[in-house]
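Working notes, beginning with the structure itself.
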Protein chains: 2
Amino acid sequence: MVSIKDVARHAETSFKTVSRVINGDQRVNPATRERVSEAIRALGYRPHSGARMMRSNQSRIIGFLSDRVTTQPHSGDILRGAQQMADAHGRLLMLFNIDADAGDDHRRRAFELLMEQRVDGLLYACDYHREVTLPLEMQQLPSLLVNGFSTTTALPALVPDERLAAQQATRLLLAEGHRHIAFLAPNPRSVATPLRVTGFHDALLEAGIEPSSMPVITACVGTPGGEEEYLVESAMAQLMTAETPPTAILCGQDRIALQLYLVLARRGLGPGRDLAVVSFDDQQPISGALTPSLTTMALPHLEMGRQAMKLLLDGNAPSGTTSIPFSTVLGQSHRHG
Amino acid sequence: MVSIKDVARHAETSFKTVSRVINGDQRVNPATRERVSEAIRALGYRPHSGARMMRSNQSRIIGFLSDRVTTQPHSGDILRGAQQMADAHGRLLMLFNIDADAGDDHRRRAFELLMEQRVDGLLYACDYHREVTLPLEMQQLPSLLVNGFSTTTALPALVPDERLAAQQATRLLLAEGHRHIAFLAPNPRSVATPLRVTGFHDALLEAGIEPSSMPVITACVGTPGGEEEYLVESAMAQLMTAETPPTAILCGQDRIALQLYLVLARRGLGPGRDLAVVSFDDQQPISGALTPSLTTMALPHLEMGRQAMKLLLDGNAPSGTTSIPFSTVLGQSHRHG
DNA sequence: AGTGGCCGTGACAACGTTGTCACAATCATT
DNA sequence: AATGATTGTGACAACGTTGTCACGGCCACT
């Protein structure tokens with residue numbers, strides 16, 4: 001492999017001067033600089049990151065510990081956002097994925113391997129919004145938690161603003177004139193669920209509606225991130241036979257919305273025509289395939305990834321947990337019937 | 001940061017002996033070895049990958065160039081599989097994602113950055129099965145293409161066996177006794193489409209059915225991997241009013257199956273009851289949420305990732321393009337009505 | 001007892017880079 | 001014209017590790 005000394009020989013100068021050119025040092029004669037640049041091109045020289053790392057004592061690498069991020073389809077955007085921002089700051093990403101069945105020692109080993117790479121910082125990303133127990137060693141270097149929170153460490157964390165998203169989604173339906181809105185709530189074992197219910201209620205209160213008068217029905221049970229079962233059929237049967245059936249349904253997640261579309265189709269009802277539907281998450285395979293197009297609150301995965309990396313690199317992450325707003329994807333399904 | 005010399009001082013030996021212990025050299029007195037191990041633990045020593053890299057002239061890092069892999073939800077499993085296998089072989093993964101809007105120079109820069117890291121090998125993964133033009137420089141080091149193929153370079157490549165999957169899916173329906181099967185074909189601009197049609201026809205021929213007697217209708221148009229539109233409603237209208245309507249539908253992808261479920265629901269028909277349905281891809285958000293459960297041919301993303309990494313590390317990748325079989329996910333939807 | 005081989009250990013150089021210091025040449029200042 | 005500052009350049013050490021070589025001590029042979 002061609003080194004800085006080979007370049008120096010070719011450009012007939014000292015290897016130190018070559019180093020200066022590479023690092024953009026101004027105090028180099030333009031003519032010399034040109035000779036050196038030419039030699040670099042001619043020889044196809046590439047700086048050796050290992051040597052640089054040793055001298056400068058920093059790697060310009062950020063570790064990305066992904067807690068099953070690639071398992072759940074849509075959260076991969078966290079990774080994408082982080083990578084975008086890392087690249088914009090001239091950093092590289094070293095990825096280590098931890099699978100569901102992995103124990104605590106596996107995670108510790110992953111951490112250890114990244115430390116051996118002398119990563120300048122560490123992002124720990126979860127597949128879905130939940131609590132995690134982190135290796136305490138993570139506090140040894142600049143670290144940030146994405147899409148999760150930890151009560152055992154004081155690391156800064158970024159999570160989606162579930163409450164606000166629910167509030168905004170509900171406002172959307174209220175603005176269309178709906179006064180009878182049901183919430184098909186997601187898995188009660190998910191941390192997002194109570195927050196989304198709160199947001200739902202907050203919006204109702206704003207509009208002067210008594211929250212307890214609006215039905216909240218659990219439409220998904222099972223293990224979050226694992227095997228889940230949907231109860232949309234029975235929930236809708238219950239709702240539609242009530243004294244005052246809802247004119248709008250807030251679905252706790254896109255999978256529930258998908259089920260709802262099917263139930264409505266079987267009943268000859270059209271979303272956005274006979275019944276307004278708004279959902280959460282914006283899981284592309286679903287939201288991109290449903291017709292009429294689904295109005296959904298998109299999880300800010302990309303944005304969380306970007307922000308997390310930015311905060312990490314700027315070194316000014318606020319301690320504690322920061323909530324990132326969802327973005328609203330307007331489809332046809334929330335329209336008034 | 002604590003170095004090998006600090007450990008040596010603490011263990012009262014030479015730093016060379018410490019190096020031997022770290023690298024598992026057998027010719028070290030057990031007592032000394034124990035003293036050194038103890039010192040390593042006590043001081044929290046971690047080998048410096050940069051220094052090792054420089055001496056040994058290899059990084060034990062594999063570059064992963066992802067051509068929008070994290071954009072399309074389900075293909076992230078390629079990354080996951082590659083990481084699993086890399087870890088099993090004591091390698092780390094350096095990730096670089098190229099976004100859709102990025103030009104050729106962006107890709108070349110990504111390659112250059114990975115080369116500066118002195119990666120020992122390179123995986124180039126595509127978000128969906130398609131042709132790519134690769135930077136020719138990739139032939140400078142062991143590289144492998146995953147989920148795509150290149151006609152401009154001779155790099156080994158792994159792709160899903162679309163033809164076989166379609167053949168197997170069709171056999172499944174034939175085994176249930178169906179003799180009138182329609183294929184709702186995916187995007188004609190996708191490379192998978194003609195291969196899946198061929199597999200469909202191969203299975204029909206095996207069963208002694210004239211392929212041209214079975215309808216193949218395009219049910220998805222637009223830009224593959226981008227904005228797509230589905231034509232399932234009209235396709236089904238056409239099929240169900242035909243002289244001999246099909247008793248089974250082969251859906252070219254899960255998104256089409258999702259649409260089909262909706263169309264059938266509106267017509268009061270049940271998949272797996274009134275009409276058999278088999279699909280492709282196993283996009284979890286869809287296949288995991290549909291009821292009755294969808295029988296679908298799962299894209300071998302995880303397996304391709306694992307195999308690609310294994311072939312790369314073993315250094316015996318067969319030249320040319322290798323097809324990897326799908327796996328069959330049996331649900332209820334393919335049952336006989 | 002003398003010879004050869006093995007075992008455990010250490011001295012030293014080298015990998016490719018950057019930081020520190022120094023030096024000569026040029027320029028601006030007194 | 002002498003002095004000081006600046007500019008361009010190079011010599012050298014150092015980062016943390018591993019490969020090469022060599023050395024002393026012990027054992028098993030002749």
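These numbers come from the heavy atoms of this one structure, side chains and all, not from hydrogens, waters or symmetry mates. Within every chain, numbering begins at 1; the chains are lettered A, B, ... in the order of the sequence lines, protein sequences first and strands thereafter.
Atom CD of A/Q307 and atom CG of A/L144 lie 10.0 Å apart (nearest 0.5 Å). Atom CG in B/L145 sits 11.0 Å away from atom OG1 in B/T322 (nearest 0.5 Å).
A/D25 places its CG atom 16 Å from the P atom of D/dT6, with the value rounded to the nearest Å. Residue A/R27 contributes atom CZ, which lies 18 Å from atom P of C/dC27 at whole-angstrom precision.
Formation of a donor-acceptor pair under 3.5 Å by the A/H89 side chain with backbone atoms of A/R91 is not found in this model. Side-chain N or O atoms of B/N29 include one that pairs as donor or acceptor with a backbone N or O of B/A31 at under 3.5 Å.
Close to C/dG10, at under 4.0 Å from its OP1 or OP2, lies a side-chain N or O of B/T17. For D/dG10, one of the phosphate oxygens OP1 or OP2 lies less than 4.0 angstrom from a side-chain nitrogen or oxygen of A/T13.
Checked options B/E137, B/E112, B/E116; the residue passing with A/R46 is B/E112 (criterion: salt bridge (Lys or Arg N to Asp or Glu O under 4.0 Å)). Considering B/T32, B/V18, B/V21 in turn, B/V21 is the only one that fulfils the side-chain contact (heavy atoms from CB on, under 4.5 Å) rule with B/S37.
In summary, the side chains of B/N97 and B/S66 do present a donor paired with an acceptor at a separation below 3.5 Å, with no hydrogens or angles considered. Side-chain contact check for B/T151 and B/E131: at least one donor-acceptor pair (N or O, by modelled atom type) lies under 3.5 Å.
Under the ring-ring contact (aromatic ring centres under 6.0 Å, His included) criterion, the residue pairs touching residues 299-326 of chain B are B/H74-B/H301, with sequence neighbours excluded.
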What are the atom names and distances for every N/O pair under 3.5 Å that joins the protein to nucleotides 4-6 of chain C?
none

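For the helix from C/dA1-D/dT30 to C/dT30-D/dA1, the rotation axes defined at the first and last 5 base pairs enclose an angle of 40°, given to the nearest 10°.
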Using residues 5-13 of chain A as the side-chain source, report each donor-acceptor pair under 3.5 Å to any protein atom, sequence neighbours left out, with the distance given to one decimal.
residue	atom	partner	partner atom	Å
A/D6	OD1	A/R9	NH2	2.7
A/D6	OD2	A/S3	N	2.7

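A/R107 and A/D104 are joined by a salt bridge, as a carboxylate oxygen and a charged side-chain nitrogen come within less than 4.0 angstrom of each other. Between B/R41 and B/E34 there is a salt bridge, with a side-chain nitrogen of the basic residue lying less than 4.0 Å from a carboxylate oxygen of the acidic one.
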Contact state string [nucleotides 12-21 of chain D, B base, S sugar-phosphate only, - no protein heavy atom under 4.0 Å] = B-BBBBBB--
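Contact record, B/P142 with B/L312: O-CD1, 3.5 Å, taken as the closest heavy-atom pair.
Non-hydrogen atoms lying under 4.0 Å from DNA chain C are contributed by nothing in residues 34-44 of chain B.
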